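Reading through the structure tokens given below for one structure.
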Amino acid sequence: MKVIVTILASLCIASMHAADFNIKSYGAKNDTTVLSTHALQQAIDACSAAGGGRVVVPAGIYKIGTIQLKSHVHLYLEQGATLYGSTRLEDYIPMKSDYLSLRTQTTTIQLIYADGVQDVSIDGLGTIDGRGRAFKKLSWNDEGITRPHLIRFIQSQDILVRGITLRNSGCWMQHYLACDRLNIDGIKVFNRNNYNNDALDIDGCHEVIVRGMIADSDDDGITLKSTSPRLCENVRISDCVVSSHCNAVKLGTETNGGFRYINISGIVVKPSYNQQEKFFGQWIGSSAISLEIVDGGVLENVNIADFTVEGTESPIFVRLGNRGRGYKTGQHIDHVGSIDGVRINNIQIRNAGSMGCSITGLPGYPVRNVWISNVSIHHKGGVKKDQLTEIADSIANEKAADYPEATMWGNLPAKGFFVRHARNVQFSNIHVSTVDEDVRPDFVEVDTEGWGDQGDGTYRNPVLNADFSDPDVIRVGNKFYMVASDFHFMGMQVLESDDMVNWRYISQIYRRFNEPGWDANLHYAGGSWAPSIRYYSGLFYVYFCTPDEGLYMSTASNPAGPWAPLHLVKRVAKWEDPCPFWDEDGQAYIGRSQHGAGPIIVHRMSADGKTLLDEGKTVYEGPIAEGTKFMKRNGWYYLIIPEGGVGTGWQTVLRARNIYGPYERRIVLEQGSTGVNGPHQGALVDAPDGSWWFYHFQETPVLGRVVHLQPARWEADWPVIGVDYDKNGIGEPVAAWKKPVSSVGTAGFQTCDDFNDALGLHWQWNHNPVDTHWNLTDRKGWLTLKAMPADSLKMVRNMLTQKVVGYQSESTTKVSIKGDSYAGLFCSGKLFCGVGLCKDGVFIEFGGQRKLIAKGSYQEVWFKVTNDCEQNHHLFYYSIDGEHYQPAGSAFAMSGGYWKGIRVGLFNYIPTGKTSAKSQTSSYAQFDYFNQKFAQ
């Protein structure tokens, strides 16, 4: 940066020795009734022809229209000199740059214009006044079209603007687009007489220094933009005083390229002395600091420090959105940008509004790596308890595509900082005070910790943030395989991983239960409980019990299938949690628990695993002992079992020299000081490098039982799991750790389907499917569900379901119907609710009660459900055009049910009482796609 200053200073010194070109010598008149545009332009042209120098505006008042600066021309305004812009549009020359950006699609008008020049300056102690009040706003984006900019430089280099006073532009005061080596030093700006009255706009510029500016603007103050793919890069802004009704310092809103290596410090933000009128924003200003990416760009390595702020409604605003506006006419950006690397330090804020500050990304697109320190916030406060519901309803709308504004949600859930969809946001020494008592906490964080692979060689728990109850995992070679309880959902899924953190579906073990009640949705909470997967003598084995039917098993030579038809090892009720074990001599055993739970019982078994050879022997009785897992190491038999109950228990390990005991007992994992309740029931697994790891679930009220991974090791032939934080000899769960196996990138967990091929393995039917009533062939690329009678969603046959993944997710589909179908999108747990289409219009259903909310005859409708499982806030939407969605009913709360977390999926049925043979055969629904996007 010092090099830039030295170069620009040298240029100015050199210009002092070049010739001066006084505009009066070319006919300029000290008279605002006379137009001096031609005289000033002649002086500029003559200066340029002479190889450069100063064009001098002596003391006096001069009226001009558009002038064009040229290379090596230094416009100098003496003290007492004022250039007034003409108030007639005819005196402005429409200009069209060949540089393509959002703001150069058409011709534009400006008072002082330069395109493709080098070594220019506007200097002195004079004034340039655009008299912008004369120009009326005719349309939303008419700035520069019917209302002139005061200064506009495009793709130019080595620019100095120093000392002058700039007043009253028709729109933006200064726009520097795609310029290099720009220095703005000690200028004064007053721009408070029209719409879009920004003080300074730096757009896609490199190597910029702004220092000592005093600015008072109606619209944004110091603004960095990116209206083309060119980033603002290497920018230093310091020692300025800014007043604004909108954003005092703002990076945004146009953000096609973005911002990198930005340093802003020593800024005073205060309300204007002139409060006679307001075109935009808030009387005390909208924000002091706004950092925004909404058009696919990047924001990286931004440092903000040493601000003194008086007023502003929401002083600090960091926003990653998805407006997706391109820089070409009609262009839409199809990707979300990023914010990664922001430091905000030493900010003193007084007399602010009550809204609070916010740092927000989007589901699946978090703001990353933000450090905020030494911030004092003082505001009026006053939010009362009865306002919290209204605040929650407002913030529930993500407003992903909306114009980003610090005040976009009104009062926020926190009186200090509301943080949502963010990773690694760190606060240090933050003080919040209010004039009036305020019930809100200082901080509210939603979806801030993340989960799974962090992309930096570490992971955060849970590694699978979805309902994989009672997980069991084994390693075979360099691959890891997982199964989990699926209860009444068909098709127990097998997952595979290369690194123990990122998982993918590879097969389903069965499709149906040929048992009574499974064709009539009568076994909620039944089905597969706590399976075990093992590998022995070239075969993969999976065992599980159902509470009503018995002990089942299946085998496969390849875990990707095919799996053998289910084999009923023993018809028996109320057994649970089986695990097979083959000893070194080939003798097979199976351990199990009893519904209730406990005791632990061991049976001998045939070598093929299909037959029990005895009635079993009880080897251990403990407090709710279940989830049996067998292993053998160093001559010790180990039973690895959970105890104490799902949400309140712990992990126990038993060991003995004989498989029938007697067993020693040790608790190896407990909740302790952590927030991970009931950490137990899982699998102890070794990695190829010899390290050990333990999988377990954590019960959550909405998502269900999510999967955690803990580091483990062996001491004196006992496993040690997690970290013993309180030194009581029992491990506790870790929040984050180094990945067990190094891998590049993160696996995409399957949740979407375009229905072009076979159904994805992430889909599961609710109870037995009716294969005659669904297909992917009637309409290519669409799923067809044929209707059958049901009295409510809970009893719908052929309901296609999948797990809700992540703390925040959004699921969408497009449906068309025929006949008497009631079809659409559902969300289920303990409660069954949905939004759908029938021949009368759009309806919603909650707890078996249907309500028509939009009458009409629609060919097709788009549906969406947003699931916020941290706030337990869920909402259906519908759309007639696939772009504009409106809420379908009110937000609702959910909870897991029937041993499972919440789910989403597709349904079609005919309400009981409206059925006939004809309507059943002619009623069907077709779904174009299903997309579930989730935050990680």
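Given the structure is predicted, the values throughout are model-derived calculations rather than measurements.
- For W763 and F930, the gap between ring centers is short of 6.0 Å.
- Neither side chain, H603 nor E615, offers a donor N or O lying under 3.5 Å from an acceptor on the other.
- Under a 3.5 Å cut-off, the side chain of D577 and the backbone N or O of T628 do not form any donor-acceptor pair.
- For K900, the salt bridge (charged side-chain N to carboxylate O under 4.0 Å, His left out) criterion is met by D467, not counting sequence neighbours.
- Smallest separation of non-hydrogen atoms from S485 and D470: OG-OD2, 2.5 Å.
- Side chains of Q932 and Q802: a donor on one and an acceptor on the other come within 3.5 Å.
- In this structure, a donor-acceptor pair under 3.5 Å is present between the side chains of H874 and N867.
- Close placement of the W529 and H595 rings is indicated, their centers lying within 6.0 Å of each other.
- By the 30° and 60° cut-offs, the orientation of the rings of F843 relative to F907 is perpendicular.
- Of the possible polar contacts, one joining the N521 side chain to the V796 backbone as a donor-acceptor pair under 3.5 Å is found.
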>> Walk me through whether K933 and E810 qualify under salt bridge (charged side-chain N to carboxylate O under 4.0 Å, His left out).
In response: CA-CA 5 Å; K933 298 179 180 179; E810 177 182 283; 5.7 Å; no
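- Residues F863 and Y885 are not in side-chain contact: their nearest non-hydrogen atoms beyond the backbone lie 4.5 Å or more apart.
- At a threshold of 4.5 Å between non-hydrogen side-chain atoms, the residues V542 and T555 do not count as touching.
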> Could you walk me through whether F934 and W451 pass the side-chain contact (heavy atoms from CB on, under 4.5 Å) check?
Replying inline: CA-CA 11 Å; F934 57 87; W451 56 275; 3.7 Å; yes
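- Ring to ring, H488 and H767 are close: their centroids are under 6.0 angstrom apart.
- The 12-atom threshold is exceeded at NZ of K814, counting heavy atoms of other residues, nucleotides or ligands nearer than 6.0 Å.
- H708 is linked by a side-chain hydrogen bond (donor to acceptor under 3.5 Å, both in side chains) to Q698, counting only residues two or more places apart in sequence or in another chain.
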> After noting the C-alpha distance and the side-chain angles of R504 and D498, does the key distance pass the salt bridge (charged side-chain N to carboxylate O under 4.0 Å, His left out) rule?
Replying inline: CA-CA 10 Å; R504 55 189 171 268; D498 302 310; 3.0 Å; yes
> How far apart are the C-alpha atoms of Y909 and R797, what are their side-chain angles, what is the distance that settles it, and do they pass the side-chain contact (heavy atoms from CB on, under 4.5 Å) test?
Replying inline: CA-CA 8 Å; Y909 73 105; R797 302 300 317 282; over 6 Å; no
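- Side-chain contact between N465 and Y807 is present, with at least one heavy-atom pair separated by less than 4.5 Å.
- With hydrogens and angles ignored, the 3.5 Å screen pairs no side-chain donor or acceptor of H762 with any backbone N or O of K803.
- The minimum heavy-atom distance linking L551 with W575 is given by the pair CD2-CZ3, 4.3 Å.
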>> If you apply the rule salt bridge (charged side-chain N to carboxylate O under 4.0 Å, His left out), what do you find for D519 with R512, and how did you get there?
In response: CA-CA 9 Å; D519 287 337; R512 61 187 301 111; 3.1 Å; yes
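- Distance alone, capped at 3.5 Å, places no donor-acceptor pair between the S557 side chain and the L539 backbone.
- Remark: R705 qualifies as a cation-pi partner of F697 under the 6.0 Å distance and 45° angle criteria applied to the six-membered ring.
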>> Is there a ring pair (Phe, Tyr, Trp, His ring centres under 6.0 Å) between Y510 and F544? Walk through the geometry before answering.
In response: CA-CA 12 Å; Y510 58 86; F544 63 90; 5.6 Å; yes
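- When atom types are taken as modelled, the side chain of T813 and the backbone of Y929 share a donor-acceptor pair closer than 3.5 angstrom.
- At least one test fails for K864 against the ring of Y878: distance under 6.0 Å to the centre or angle within 45° of the axis.
- No salt bridge links D548 with R571; every basic N to acidic carboxylate O contact stays at or beyond 4.0 Å.
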> What's the verdict on salt bridge (charged side-chain N to carboxylate O under 4.0 Å, His left out) for K855 and D840, showing C-alpha distance, side-chain angles and the deciding distance?
Replying inline: CA-CA 6 Å; K855 294 182 180 180; D840 297 321; over 6 Å; no
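- Using modelled atom types, one side-chain atom of D881 and one backbone atom of H884 make a donor-acceptor pair closer than 3.5 Å.
- Taking a 6.0 Å sphere around NZ of K479, one finds it holds more than 12 heavy atoms contributed by other residues, nucleotides or ligands.
- The aromatic ring centroids of F755 and W782 lie 6.0 Å or more from each other.
- To the nearest 0.5 angstrom, N768 atom CG is 10.0 Å from E515 atom CD.
- Between F876 and F892, the ring center distance clears the sub-6.0 Å criterion.
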> N908 and L906: side-chain contact (heavy atoms from CB on, under 4.5 Å), yes or no, with the steps?
Replying inline: CA-CA 7 Å; N908 182 22; L906 307 173; over 6 Å; no
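- Side-chain N/O atoms of Q764 and T801 include no donor and acceptor closer than 3.5 Å.
- A distance-only check finds no donor-acceptor pair linking the side chain of S821 to the backbone of A823 [under 3.5 Å].
- Under 3.5 Å, the side chains of S923 and Y822 contain no donor-acceptor pair of N or O atoms.
- For D771, the salt bridge (charged side-chain N to carboxylate O under 4.0 Å, His left out) partners at least two apart in sequence or on another chain are R511.
- The minimum heavy-atom distance linking P580 with S532 is given by the pair CD-CB, 4.0 Å.
- Note on ring orientation: taking the six-membered ring where Trp is involved, the planes of F468 and F749 are perpendicular (angle over 60°, cut-offs 30° and 60°).
- Nearest heavy-atom pair, L464 versus L495, reported as atom, atom and distance to 0.1 Å: CD1-CD2, 4.2 Å.
- Listed for the N872 side chain is a donor-acceptor partner under 3.5 Å among the backbone atoms of M894.
- Taking the six-membered ring for Trp and the full ring otherwise, the centers of Y541 and W563 sit at least 6.0 Å from each other.
- A salt bridge links D472 with R534: the closest approach of a Lys/Arg side-chain nitrogen to an acidic carboxylate oxygen falls below 4.0 angstrom.
- Formation of a donor-acceptor pair under 3.5 Å by the N798 side chain with backbone atoms of V770 is found in this model.
- A distance of 6.0 Å or more separates the ring centres of Y552 and Y543.
- Taking each heavy atom of I533 and I474 in turn, the nearest pair found is O-CG2, 3.0 Å.
- Taking a 6.0 Å sphere around CH2 of W899, one finds it holds 12 or fewer heavy atoms contributed by other residues, nucleotides or ligands.
- Between V446 and Q808, the closest heavy-atom pair is CG1-NE2, 3.2 Å.
- Put simply, the side chain of Q594 reaches to within 4.5 Å of the side chain of I601, judged on heavy atoms.
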> Yes or no on side-chain contact (heavy atoms from CB on, under 4.5 Å) for Y459 and L709, after CA distance, side-chain angles and deciding distance?
Replying inline: CA-CA 9 Å; Y459 69 89; L709 176 62; 3.8 Å; yes
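- Proximity of a side-chain donor or acceptor of S593 to a complementary backbone N or O of A597 within less than 3.5 Å is not detected.
- Counting heavy atoms from C-beta on, the side chains of P516 and H523 never come closer than 4.5 Å.
- Centroid-to-centroid, the aromatic rings of F489 and Y524 stay 6.0 Å apart or farther.
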